[in-house]
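Read the structure below first, then the notes.
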Amino acid sequence: MTTVGLPPAAPVAGDPVGPAELSVWPSSTVSLSTGDLTVGGVPLAEAAERFGTPLYLLDEDEVRTRCRTYAHAFPDADIRYAAKAFLCRAMARWVAEEGLGLDVCSAGELELAVAAGVPPERILLHGNAKSPHDLEAALRLGVGRIVIDSPSEIARLAAAAGAARTRVKVMVRVVPGITAGAHEKIRTGTGDQKFGLSVADGSAQHAVARVLTQPDLELAGLHCHLGSQITSTKPYLAAVRRMVGLMARVRDTHGVVPPELDLGGGHGIAYRPGEPALDVPALARKVRAELIESCATAGLTVPRLVIEPGRAIAGPSGVALYRVLTVKRTEAHTFVAVDGGMSDNPRPALYGVRYAPRLVGRHSYAEPAPVTVVGRHCEAGDVLAAGVPLPGDVRPGDLLAVPAAGAYHLSMASAYNLVGRPPVAAVRDGAVRLLVRRETLEDLRSRDIGS
Ligand SMILES: Cc1ncc(COP(=O)(O)O)c(C=O)c1O
Ligand SMILES: N[C@H](CCC[C@H](N)C(=O)O)C(=O)O
């Protein structure tokens, strides 16, 4: 671990970066008279100098504060951070220290989380296609819940539990038939996608019935996850009503009431100033009220709530830093090309997501002009941000910083063009320490063992 103490940042009088613009940055962000920003008390230019670029910074206090916001808003719920948003040992440790558990969806995420000290009983395992290795690891490590996502999984899991002489607590992932989520590829609440078991066609009810016949499986609850980057509370309230309706049917049919209701994650964040984010305390209040009312109407005991936020914890805590390599002016566009791109952030290419990069590390008095920030990869679609204003004198060697970069960037990073994945450093109280080192050419070469 590398830790560098840096002198305290000197904030400027008459902060040149306004509060509206800073709203999508970690709350520790301060604007300096040099034109740089500090995050967690660390000047971005210094971090870039020290670790090179591209570089991802994670503000530890922002992660912890966001965990606490959830714990405070949902005091009676089990909060399981969705590790797919971003996972490394430090992240797992911070989240666990704040009292949360983890939602994992592979043996890899599970092993890393347990090695980092997350109590296995606070972990739940997801996956529409769990491998034998995933299930073996889940049983060996004693995960708290396994979420069943397909009919064939029930017999497989029951057999594995029987062989391991253990009783496994399971949830059934239900498709409630609710459309929500910022892009069609991240909507999972309706039937036309691969996750879950539908209420509409009866496969959810059928799965519940089958689980109840298995002596080695215990039905801990019902689960649904509507999709991702949802900024309204309404779909969640609709989900509560549908799920409570299903719980009542399970009781009427089988005489048992699943004790837990997992509403998944999907809580949306702002990527650019002015964009909406899901109001977590409001969500908590309304979900609780809806749950109490729906259960009273159905004559059910209120189940224990479980939620699985990923993006809303990791996303706003992360900042990506890139160095400008070239500036190319064509008749129609100015292309500002940086030293990263779709290999560290595939989101714009996958979902057309828009970001708000800004120049850091120096002052510019040049008028802003619209540019297209592109990556270095061999794809014309490797565009990080189109039509964004940057100072007219932006040039090679400049540093660009992208806020809200903590979720679904590095966790979906690839080895495209063998450029190597960027390092991750944590910032806190003016110190920066490396959490994940840069992937080197040697790392990549060492996997290539043929001739
Ligand atoms: C089952 C489940 N839970 C939680 C999440 C986390 O979603 P988000 O990061 O949008 O909160 C996901 C998304 O991958 C998911 O599939
Ligand atoms: N797996 C999540 C969505 C992840 C979206 C994420 N990959 C993004 O970049 O926005 C889901 O099923 O809702």
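We count residues from 1, following the sequence as given. Note that ligands are numbered from 1 as they come in the structure, with each ligand's atoms numbered from 1 the same way. Values in this document were obtained by computation on a predicted structure and should not be read as measured data.
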### Message
For atom 1 (C) of ligand 1, which of the options R173, H267, R311 provides the nearest non-hydrogen atom?
### Response
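Answer by nearest heavy atom: R173.
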
List the closest protein heavy-atom neighbour of [atom]: residue, atom name, distance to the nearest 0.1 Å.
{"atom": "atom 14 (O) of ligand 1", "value": "K84 CD, 2.8 Å"}
{"atom": "atom 4 (C) of ligand 1", "value": "E308 O, 3.2 Å"}
{"atom": "atom 8 (P) of ligand 1", "value": "G266 N, 3.3 Å"}
{"atom": "atom 5 (C) of ligand 1", "value": "H225 CE1, 3.4 Å"}

### Query
Is a side-chain donor or acceptor of S28 paired with a backbone partner of G40 at a separation under 3.5 angstrom?
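Indeed, once roles are kept as given, a pair shorter than 3.5 Å links the two residues.
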
### Message
Using modelled atom types and a 3.5 Å cut-off, is there a donor and acceptor pairing between side-chain atoms of K194 and backbone atoms of A129?
### Response
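Judged by distance alone, no pair lies under 3.5 Å.
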
### Task
Quick one: which residue pairs count as a ring-ring contact (aromatic ring centres under 6.0 Å, His included) with a foot in residues 267-287, not counting sequence neighbours?
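Sorted pair list: Y70-H267, Y236-H267, Y271-Y355.
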
### Query
ring-ring contact (aromatic ring centres under 6.0 Å, His included): which pairs involve residues 301-321, sequence neighbours left out?
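Output for this query is empty, none listed.
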
### Query
Does S228, backbone or side chain, put an N or O under 3.5 Å from an N or O of ligand 1?
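Yes, there is a polar N/O contact under 3.5 Å.
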
### Query
Charged N to carboxylate O below 4.0 Å: is that the case for E218 and R167?
yes

### Message
Taking the basic N atoms (NZ, or NE/NH1/NH2) and the acidic carboxylate oxygens, is any pair closer than 4.0 Å for R93 and E60?
### Response
no

### Message
Holding to ring pair (Phe, Tyr, Trp, His ring centres under 6.0 Å), I want the full list of residues that pass it with F86, two or more places apart in sequence or in another chain.
### Response
none

### Query
Tell me, do R347 and M412 make a side-chain contact under 4.5 Å, heavy atoms counted?
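Yes; the side chains approach each other to less than 4.5 Å.
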
### Sole candidate of L263, L261, L124 that passes side-chain contact (heavy atoms from CB on, under 4.5 Å) when paired with V306
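Checked L263, L261, L124 against V306; only one passes side-chain contact (heavy atoms from CB on, under 4.5 Å): L124.
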
### Query
Heavy-atom contact under 4.0 Å between Y408 and ligand 1?
yes

### Query
If you measure only the distance, is there a donor-acceptor pair under 3.5 Å linking the side chains of R311 and S228?
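Short answer, yes.
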
Atom pairs, nitrogen or oxygen, ligand 2 to protein, under 3.5 angstrom:
from	atom 1	to	atom 2	distance (Å)
ligand 2	7 (N)	Y351	OH	2.9
ligand 2	9 (O)	R347	NE	2.6
ligand 2	10 (O)	R311	NH1	3.2
ligand 2	10 (O)	R311	NH2	2.7
ligand 2	10 (O)	R347	NE	3.4
ligand 2	10 (O)	R347	NH2	3.0
ligand 2	13 (O)	H225	NE2	2.7

### Message
With a heavy-atom distance limit of 4.0 Å, tell me whether V147 approaches ligand 1 through its side chain, its backbone, both, or neither.
### Response
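Neither part.
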
### Query
For ligand 1, which atoms sit closer than 4.0 Å to a heavy atom of P309?
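Close to P309: 11 (O).
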
